[in-house]
2 protein chains.
Amino acid sequence: MSATAERNQPTDAARQISDTLQLLQQHVPMQRRIVHAGDRLFQAGDRFTTLHVLNSGFFKIVNGSNDGREQVVGLNFKGDWLGFDGIALGRHGCDAVAIDTGEIWSFRYDDLLAACSREPRLMALFHAAMSREIGRDRDSMLALATLPADARVADFLRYWAHTLAERGLRNDCITLRLTRAEIGNYLGMTLESVSRALSRLARASVIRFPEKGRRDIQIPEVGALHAFIERCTATAAVVH
Amino acid sequence: MSATAERNQPTDAARQISDTLQLLQQHVPMQRRIVHAGDRLFQAGDRFTTLHVLNSGFFKIVNGSNDGREQVVGLNFKGDWLGFDGIALGRHGCDAVAIDTGEIWSFRYDDLLAACSREPRLMALFHAAMSREIGRDRDSMLALATLPADARVADFLRYWAHTLAERGLRNDCITLRLTRAEIGNYLGMTLESVSRALSRLARASVIRFPEKGRRDIQIPEVGALHAFIERCTATAAVVH
DNA sequence: CGCAAAGTTGAGCGTCCTCAAGCAGCGTGG
DNA sequence: CCACGCTGCTTGAGGACGCTCAACTTTGCG
């Protein structure tokens, strides 16, 4: 939680991302490719051989169960790594689906390891990326388990805005690449509940919609999202 | 998902665990220590320097938020690694608390890296452990977001039984080291709901309680838990 | 034996889901 | 150009699942 990650001045995260891209380019043979919304980078059951780093674009990670349930369990942005889940069993356990046009860098896992032994900084970045993923997943669980629906939506927006800010991008007006149904799936609620939550957030002036369309969301003040979330959890723990 | 992990014959997981313990012992300078229920291995904010592997006992991982919410986001068993979350930022983001007496092996992260460069098999096991953690967290999210309360409890028992079986231990009668409140916290529900869910599971003969005490839980047939979970999700998706 | 902590069970209620209707944006084709 | 259909989004009404509050039982420990 970097107190206030201002945009357009390199944050720790931004530096880490550019270092990663640079080191990969220098030391690991890889393939660059353009993907479009809907493209599947890999899916559950695929044999694991390669890792990927997102140079631009957005991905969603979908986890399925044998009885047909499935859920969006992760979102990926520029600089994020994809495919870690395959290392353990040699097969992927989830699908990675592009939700916008973007560029993906792919390289063999064993080539990465070879490069890491020559360039310890790359190893450090690799491990840090896996570690971050674990921390991120745990934060998702915390939100899923402890926040009421409205606060989960607010937390989702806060996370998205934070992620953009980290990368030096504008975050006062974000364009969601997900439908209400996908957001709902990610947050463990129905699309109607997402819609209602957004309406309430707008009514509370925490977010704002543009004149036309409700796909973009304006966030005048990220702090207001924090405040809203705390207000939700506070009412749950009233006097008593 | 190894089809049927029979106990008392070494599974993949069991072999991996013994390999890990053996390689660590041979190549990494480390400290062995006994911990007791309630002991804290590390907590959020602590500077990260060392990783840990559980040689015996049970741990819970507790994640907190700045506004006071906290949740059990992970459970650890023999052979599991602890501390991955600290690598990214150099500080831990959660607490690791022992929930039973056990033995923990601790070693410096940089010592591990040095050993890994000499012994690639250790590196592979290290990466596999992180990868497994990610996959496991995603399964937790899936359960939290898509299963009704009763099914979440059944899934929790299924996971616990499966984990014991993987390690070659009896899993037809498991002793929960967690209170109803802790289980509820882990599953995103109240302790009363956990209690009711267990009662319903017992009424449906999916589990059984011993004559005295309700801390132990007998699971005559693990498959029955699967069936129960599917029955729960099926009723949600009726004809239509 | 008595107290504290953990667990069970019931009654009432609130949040969120389900079902349904209507609206908005958008590409296609007459 | 507008009708048309499609997909995504919003909003309302009713109901169910799980939470809150409360009483009681059981277990464990000094």
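What you see is a predicted model, and the numbers here were worked out from it, not measured in a lab. In the text below, chain A, chain B and the rest are named by the order of the sequence lines, each starting its count at 1. Computation of the quantities below employed the complete heavy-atom set of this structure, encompassing side-chain atoms and omitting hydrogens, waters and symmetry-equivalent molecules.
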Do side-chain atoms of A/Arg152 reach the backbone of A/Leu147 as a donor and acceptor pair under 3.5 angstrom?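 Yes: the side chain of A/Arg152 pairs with the backbone of A/Leu147.
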Nearest-Å distance for atom pair [atom1]/[atom2], residues [X] and [N]:
X	N	atom1	atom2	value
B/Leu187	D/dC17	CG	P	19 Å
A/Ile207	D/dC9	CD1	C1'	13 Å
A/Leu191	D/dT7	CG	P	15 Å
B/Arg180	D/dT25	CZ	C1'	14 Å
A/Arg152	C/dT15	CZ	P	14 Å
A/Arg200	C/dC16	CZ	C1'	9 Å
A/Arg215	C/dC23	CZ	P	22 Å
B/Met189	D/dC17	CE	P	14 Å

Take A/Gly213 and A/Leu147, find for each the nucleotide of DNA chain C with the closest heavy atom, and name the residue whose nucleotide sits nearer the 5' end.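 Between the two, 5'-proximity favours A/Leu147.
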Using every non-hydrogen atom in the two residues, find where A/Gln71 and B/Ala145 come nearest and quote the distance to one decimal.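 Scanning both residues completely, I find the closest heavy atoms to be NE2-CB, 3.2 Å.
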Would you mind telling me which of [options] lies closest to the side-chain atoms of [X]?
X	options	value
B/Thr190	D/dC9, C/dG7, D/dT20	D/dT20
B/Ala149	C/dA6, D/dT10, D/dG18	D/dG18
B/Ser193	C/dG7, D/dC9, D/dG18	D/dG18
B/Arg214	D/dG18, D/dC9, C/dT9	C/dT9
A/Lys212	C/dG25, C/dA6, D/dG18	C/dG25

Across the strands shown, which category fits A/Leu198 at heavy-atom distances under 4.0 angstrom: base, sugar-phosphate, nothing?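 Contact class for A/Leu198: none.
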Base, sugar-phosphate alone, or nothing: which one does B/Gly184 contact when heavy atoms must sit under 4.0 Å apart?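 Contact class for B/Gly184: none.
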Taking only nitrogen or oxygen atoms into account, show me every contact under 3.5 Å that the protein makes with nucleotides 12-16 of chain D, one pair per line with its distance.
from   : atom 1 : to       : atom 2 : distance (Å)
D/dG12 : N7     : A/Arg196 : NH1    : 2.8
D/dG12 : O6     : A/Arg196 : NH2    : 3.2

Salt bridge (charged side-chain N to carboxylate O under 4.0 Å, His left out) involving A/Asp216 - partner list, sequence neighbours excluded: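 Per chain and number, A/Asp216 pairs via salt bridge (charged side-chain N to carboxylate O under 4.0 Å, His left out) with no residue.
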Using a strict 4.0 Å threshold on nitrogen-to-oxygen distance, state whether B/Asp80 and B/Arg167 make a salt bridge.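 Looking at B/Arg167 together with B/Asp80, the answer is yes, because their closest N to O distance falls below 4.0 Å.
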Could A/Arg136 and A/Tyr159 be counted as a cation-pi pair, given that NZ or CZ must be under 6.0 Å from the ring centre and within 45° of the axis?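 Output yes; distance and angle both within limits.
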Just verifying a value: how many Å separate B/Lys60 NZ and B/Tyr186 OH, rounded to the nearest 0.5 Å?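 Atom-to-atom, B/Lys60:NZ and B/Tyr186:OH are 13.0 Å apart.
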Name the orientation class of the two ring planes belonging to B/His92 and B/Phe42 (parallel below 30°, tilted from 30 to 60°, perpendicular beyond 60°).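 Geometry flag for B/Phe42 against B/His92: parallel rings.
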Would you say C/dT9 has OP1 or OP2 under 4.0 Å from some side-chain N or O of B/Ser199?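 Answer is yes, contact under 4.0 Å.
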